[in-house]
Amino acid sequence: MCFLQRKSKISASRKLMLKSLMVAKAKEDLEQEMVEKEEQKAKYVEEKAPPIQTSGLSLAELRTLCEEMHARIDVVDEERYDIEAKVLHNTREIKDLNIKVLDLRGKFKRPNLRRVRVSADAILRSLLGSKHKVSLDLRANLKSVKKEDTEKEKTVEMSDWRKNVEAMSGMEGRKKMFDAAKGQNQ
């Protein structure tokens, strides 16, 4: 079947213009998304860490504030370290399990399937169950070919046709044909 290419209903310049408009729109959307992410980040930081007012505090109060901040930082660092350790442990475990899966695939190869000769009777028994009692002898229905006939045909076909053409060419060939015809008549 021959498939014909349909011509585009939109001209090349129109396509190019549409593509450039799509790229410009995608660029604007990307910039807008970046601005929104920055705003969300700033909002989150303001919620979690309100600005600290250090004006009007004495030296002792500033020290206690710094100690509290360092304590919070230590807690956050410990949590971060624990999470990193869990992630590393899980990634190692995943790698090990993947290696084990690959090893198991390599160990247990599928055995080569062997051909099994099944008679027509066995096939019918498996399909029809034990009710099947008729036996089919498929070989009895095949045509028998005599070997002698095929051997004679082969010898005739095997002779070289070029020899016959060369022998019959020219006057000698006609003479042989004439002699052969005479011999048959007598």
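Numbers here simply count residues along the sequence, with the first being 1. Worth saying up front: this structure is predicted, and the values here are computed from it rather than measured.
- Of all heavy-atom pairs between Met69 and Ile52, the closest is CE-CD1, 3.5 Å.
- Between atom CD of residue Glu93 and atom CG of residue Asn98 there is a gap of 11.5 Å, rounded to the nearest 0.5 Å.
- In this structure, the separation between OG1 on Thr64 and CG on Leu62 is 7.5 Å, given to the nearest 0.5 Å.
- Counting all heavy atoms, side chain and backbone alike, Leu57 lies closest to Glu61 at CD2-OE1, 3.2 Å.
- Using a cut-off of 4.0 Å between Lys/Arg side-chain N and Asp/Glu carboxylate O, Asp29 and Lys25 are scored as salt-bridged.
- The salt bridge (Lys or Arg N to Asp or Glu O under 4.0 Å) pairs that include a residue from residues 66-78 are Asp77-Arg80, where partners are two or more places apart or lie in different chains.
- Atom CD1 of Ile99 sits about 12.0 Å away from atom CG of Leu104, to the nearest 0.5 Å.
- By the 4.5 Å side-chain criterion applied to Ile, Leu, Val, Met, Phe, Trp and Tyr, Val87 is assigned to a cluster that also includes Ile83.
- Within a 6.0 Å radius of CD in Gln53, other residues, nucleotides and ligands contribute 12 heavy atoms or fewer.
- Within the model, atoms NZ of Lys100 and CG of Leu102 stand 13.0 Å from one another, a figure rounded to the nearest 0.5 Å.
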Give the intermediate values and the outcome of side-chain contact (heavy atoms from CB on, under 4.5 Å) for residues Glu38 and Met34.
CA-CA 6 Å; Glu38 288 295 324; Met34 296 283 281; 5.7 Å; no
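- For residues 39-56, no pair satisfies salt bridge (Lys or Arg N to Asp or Glu O under 4.0 Å), with sequence neighbours left out.
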